[in-house]
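Here the structure is laid out as structure tokens; the discussion comes afterwards.
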Amino acid sequence: MPELPEVETVVRDLRLSLVGRRLTGIRTSSRPLRVKWSPDWEPCLVGRQVSTIRRRGKWILIDLAPTGLFVIHLGMTGQLTVVSRAKPAENHVHLEVDLDDGVDLLRYRDIRRFGSAVYYADESAWSDGRVEDLGPEPFDLTPRYFREMLAATSRCLKAILLDQRAVAGVGNIYADESLFAARLDPRGRGCDLKPRRAERLRTAIAAVLKRAIESRGATIKDFVGGSGLKGGYQNEFTVYGRTGQPCRSCGRPIECMRLAGRSTHWCPNCQDE
DNA sequence: ACAGGATCCTGGGGGC
DNA sequence: TGCCCCCAGGATCCTG
């Protein structure tokens with residue numbers, strides 16, 4: 001579920017409540033996440049202190065001191081929050097980490113269990129793993145990289161934006177929203193995109209994501225930030241989930257088609273290039 | 001290289 | 001009210 005803006009929101013929230021805290025205890029559910037929990041990780045986590053929290057694509061990286069890296073992916077329905085120990089656990093809670101203030105805990109809840117929480121000795125152990133190579137962050141895309149990456153593939157724009165190797169962090173919502181903002185047909189091929197239009201797409205992606213982060217991401221059903229607050233960007237969607245509703249630009253109905261295996265929302269009238 | 005499908009899961013909504 | 005089918009923000013594996 002969560003894409004870059006939602007993961008960034010969680011990371012920013014957790015920085016406030018988690019950095020500097022020592023982990024004092026861990027409880028896990030018996031039901032496995034995408035990666036099964038290893039009991040070997042527990043002694044690696046307990047007693048260590050959270051030094052920094054970072055985001056890479058849709059991955060949450062929690063750096064530990066003196067060593068260690070705790071990597072969490074929210075999958076489709078993951079919720080990572082710091083809550084009071086007094087708050088009763090909802091269903092589908094799969095991981096709880098006690099904090100050294102004796103009051104709060106870090107809680108991971110995930111209805112569909114597509115997410116993961118894995119300990120690694122260091123960052124190379126994570127990046128060298130079966131995780132496919134992540135592309136650049138959307139805010140770090142250079143015009144040249146983006147132009148050449150597009151020119152090298154005959155895949156359609158929608159499929160390219162969803163590919164984490166091309167750009168890290170964009171998912172179905174923000175792919176559709178970015179293509180509308182750039183007024184580009186999601187079916188267009190990367191190698192057919194003229195440089196001016198490639199540049200339009202590059203800046204549209206950054207602008208859409210920046211605006212979504214400012215709104216604390218989008219909550220369709222399950223997403224909450226690290227403090228439990230919902231996002232607000234769903235109120236600004238131009239095409240995603242608006243099938244049949246009037247385009248905010250031209251008034252004609254938004255359409256939905258299947259592309260790269262995903263629902264793709266667009267305005268055939270406005271996205272004509 | 002790439003498209004398409006299936007898989008891992010649960011829950012919600014629509015149709016009947 | 002219930003049942004069945006389809007759908008969902010992701011990553012990954014497999015086939016053709």
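A, B, ... follow the sequence lines: proteins, then strands. Residue 1 opens every chain.
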Practice task
Report which part of the nucleic acid Cys256(A) touches: base, sugar-phosphate, or nothing (heavy-atom distance under 4.0 Å, all strands).
Solution key: nothing

Practice task
Report yes if a side-chain nitrogen or oxygen of His92(A) is closer than 4.0 Å to either non-bridging phosphate oxygen (OP1 or OP2) of dC9(B); otherwise report no.
Solution key: no

Exercise for the section: Could you provide the dot-bracket string of DNA chain B, using ( ) for intrastrand pairs, [ ] for crossing pairs and | for bases paired to another strand, with Watson-Crick or G-U pairs below 3.5 Å? Expected result: .|||||||.|||||||

Practice task
Take the protein atom CG of Leu157(A) and the nucleotide atom C1' of dA3(B), then report the distance between them rounded to whole Å.
Solution key: 16 Å

Handout entry: Atom pair distance, as rounded to whole Å: CD in Glu236(A) and C1' in dG9(C)
Key = 17 Å

Practice task
Using only side-chain N and O atoms of Arg258(A), determine if any of them is under 4.0 Å from OP1 or OP2 of dC6(C).
Solution key: no

Exercise for the section: Give me the ring orientation class for His92(A) and His94(A): parallel if the planes are under 30° apart, tilted from 30 to 60°, perpendicular past 60°. Expected result: tilted

Problem - Salt-bridge criterion met for Asp163(A) and Arg155(A) (N-O under 4.0 Å) - result: yes

Handout entry: Separation of atom NZ in Lys36(A) from atom C1' in dC9(B), rounded to whole Å
Key = 16 Å

Practice task
Report yes if some heavy atom in the side chain of Lys158(A) is under 4.5 Å from a heavy atom in the side chain of Leu162(A); otherwise report no.
Solution key: yes

Handout entry: Upstream residue (5' side of DNA chain B) when Thr153(A) and Arg31(A) are each assigned their closest nucleotide
Key = Thr153(A)

Problem - Interatomic distance, Leu134(A) CG vs dG10(C) C1' [rounded to whole Å] - result: 13 Å

Exercise for the section: Before accepting this row, confirm whether a basic side-chain N of the pair Asp222(A)/Arg112(A) lies closer than 4.0 Å to the acidic partner's carboxylate O. Expected result: no

Completion exercise
Testing dG11(B), dG9(C), dA3(B) for proximity to the side chain of Asn172(A), the answer is dG9(C)

Exercise for the section: Pick base, sugar-phosphate or nothing for Ile220(A), based on heavy-atom distances below 4.0 Å to the nucleic acid. Expected result: base

Handout entry: Protein-nucleotide distance (Asp163(A), atom CG; dA3(B), atom C1'), rounded to Å
Key = 13 Å

Handout entry: Presence of Tyr174(A) side-chain N/O under 4.0 Å of dG9(C) phosphate oxygens OP1/OP2
Key = no

Problem - Heavy-atom side-chain proximity of Tyr119(A) to Leu45(A) below 4.5 angstrom - result: yes

Exercise for the section: Would you classify Gly171(A) as touching base, sugar-phosphate or nothing, given that sugar-phosphate means primed atoms plus P, OP1 and OP2, and contacts are heavy atoms under 4.0 Å? Expected result: sugar-phosphate

Check nucleotides 6-8 of chain B against the protein and report each pair of N or O atoms closer than 3.5 Å, with its distance, or say if there are none.
residue	atom	partner	partner atom	Å
dC8(B)	O2	Arg34(A)	NH2	3.0

Handout entry: Same-atom distance (P) from dT10(B) to dT1(C), integer angstrom
Key = 25 Å

Handout entry: Salt-bridge contact Arg85(A)-Asp104(A) (side-chain N to carboxylate O under 4.0 Å)
Key = no

Exercise for the section: For the residue pair Arg187(A) and Leu157(A), establish whether any side-chain heavy-atom pair is separated by less than 4.5 Å. Expected result: no

Exercise for the section: Rounded off to whole Å, could you give me the CG-to-C1' distance for the Asp110(A) and dC9(B) pair? Expected result: 9 Å

Exercise for the section: Would you indicate, yes or no, if dG9(C) has its OP1 or OP2 atom less than 4.0 angstrom from a side-chain nitrogen or oxygen of Arg262(A)? Expected result: yes

Problem - Distance, P atom - from dC3(C) to dC8(B), rounded to whole angstrom - result: 24 Å

Exercise for the section: In whole angstrom, give the distance that lies between atom CD of Gln79(A) and atom P of dG10(C). Expected result: 16 Å

Exercise for the section: May I ask you to test the Trp126(A)-Leu61(A) pair for a side-chain heavy-atom distance under 4.5 Å? Expected result: yes

Exercise for the section: Check the distance between dG11(B)'s P and Glu90(A)'s CD and give it to me in whole angstrom. Expected result: 13 Å

Handout entry: Ring-face cation of Arg147(A) near Tyr145(A) (centre distance under 6.0 Å, axis angle within 45°)
Key = no

Practice task
Count the heavy atoms of every other residue, nucleotide or ligand shown that sit under 6.0 Å from CZ of Arg189(A), and state whether that count exceeds 12.
Solution key: no

